[in-house]
Amino acid sequence: MGYPVVLTCDRTMASEYHGLMFLGFSACIPYGTIPDWIYYPLFCPSAPVRKDGSLVYANCGMRRIESALLSCGFSPEDIIVAHPDHLDKVVDSSTRILSVSSNDPLGIGPATTTFGDLWGGEARMAQKLRELLHHKAVLRHKPVIFLGGPGAWQVAENPDKRKELGIDCVVVGEGDVTAPKLFRSVLDGKREEIPEIVYGDVAPVEKISAIAGGTIIGLIEVTRGCARSCAFCAPSVRKVRSLPMKMILDDVRVNIEAGNDGVILHGEDMLLYQSDGLSINSDAVTNLIREVYSVPGVKFIGISHVSLSSIVSSPQTIKKMAEILELGTPRHPVNYYQVGIETGSPALIGKLMKGKVYPFKPEEWPDVVREGFRISHENHFVCCATIILGLPGETPEDVKITTELVRSLHPYQSVIIPLFFTPMQTTRLQDQKPFTKKDLTPLHDDLLAACWEHNAKWFPELWKYYGRNENIVLRKSVDFFLKHGIPFFLKRIRKDAAKRK
Ligand code: SF4
């Protein structure tokens, strides 16, 4: 049976990743590097699907669009959040709209570009998106195709790709207010009025609706936007909003009813929940964690992102969070969050990311990073950090300082992923030159090696915690991958570096 409105995503986003959100980054490994028969069972098993082709758990962005449509009067019978492998069940002649969410539609996001450049091969998510949009049911019934999600900027600026993929309209930014208006126009027969690119209105909190179904690993929003305004980052153009406690708790309960046994609280800096500007409202943050953790059925809470400056400006908040979440106990040995180091250079930080350091000064940044890692480590949080190579204006001295900083983080349980600078549309650095493999210097090689030596130590240690509840096949396979894969990767970096020297 077909539906007038079908919401879906590419296959790399339709997975619970064995409950380990960071496995989702495996989609950035180029197609061909790992065969599908290993990749899908090991890193990206299919999310559960109902008989009608609907996803039991879908990404939070799709769930928000679904709830926005429902709150604007669309009938639940007309909408399905569908599994991408089941389009033949849900797309037919009655289908007017196919709305696709994508994190990285052309595979040119920072992580994918870095791995693709180092290893070669097409990005897996780009390949899966093409397959989805060229599905026989889509080609036959020709619904209006919308593309949104965090990676929408990539196709907005590429008319040839839009044409090749058959995308009618790209929605860049938020869809809560904009998508229902666009979809209504299509259903009212005004297809020709739909522009090729739409910049979505920033939704006021009262226009954001509680989700109506489970999300991938229970990921739900607690804040939107970021006021730190790093020059390379898309959220810097967004207004910061904290969602009301009632909506957050409703979203938690929906997830528990859908079968999840915990949630991940998502925000660009979760520690800024209910903050006034960039000062931490410690009571609001700890109260949020306490309330969510006390919802019946919640066995764990993950945290998506925090900033190192927030950790250091309020170590007592981290301590209280660790106490509430019972970290350091056999039940919850560790928890993790993503943080951005980006560079160790105070000069680059001052030029491109002053807000990231607030309330500290750019010259204090290396100490803020070390202190943030120390506080996290002592409170059983694992920092999953990113470094950016080739930021505009980077000097050899900047690279050296960053390498020294990475080496000084060795004692703290953490992972550090080095990425190549990629200019993203809608950011202040959108016209700058991307960094590629051919721009690597011996100093960059040292930095890459420092990051992967760090990971070679900590990945296997951390997998002991994260993998302990997984089935034996997955546990052993990932053990094998970590034991042999990272040293192999490190060897390859050293070999390439030797050639460059
Ligand atoms: S702190 Fe993070 S989310 Fe905020 S603007 Fe900087 S990079 Fe983006």
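For this chain, numbers begin at 1 and follow the sequence in order. Numbering of ligands and ligand atoms starts at 1, following listing order.
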Is C233 close enough to atom 4 (Fe) of ligand 1 to have an N, O or S atom under 2.8 Å? no
Over 12 non-hydrogen atoms of neighbours within 6.0 angstrom of OH in Y358: no
Can you sort out which atoms of ligand 1 are near C226, meaning under 4.0 Å from one of its heavy atoms? 1 (S), 3 (S), 4 (Fe), 5 (S)
What do you reckon, does G340 put a non-hydrogen atom under 4.0 Å from ligand 1? no
Do S26 and Y17 pass the side-chain hydrogen bond (donor to acceptor under 3.5 Å, both in side chains) test, and can you show the C-alpha distance, the side-chain angles, and the key distance before you say yes or no? CA-CA 9 Å; S26 62; Y17 313 107; over 6 Å; no
Would you say N260's side chain and G262's backbone share a donor-acceptor pair under 3.5 angstrom? no
Hey, does the side chain of R370 reach the backbone of L405 with a donor-acceptor pair shorter than 3.5 angstrom? no
Which one holds for S229 and ligand 1: side chain close, backbone close, both close, or neither close, with close meaning a heavy atom under 4.0 Å? backbone
Just heavy atoms, cut-off under 4.0 Å: does K356 contact ligand 1 by side chain, backbone, both, or neither? side chain
Is it possible for you to check whether R124 lies under 6.0 Å from the centre of the six-membered ring of Y39, through NZ or CZ, and within 45° of that ring's axis? yes
Just going by heavy-atom distances, which of R228, H305, E268 is nearest to atom 3 (S) of ligand 1? E268
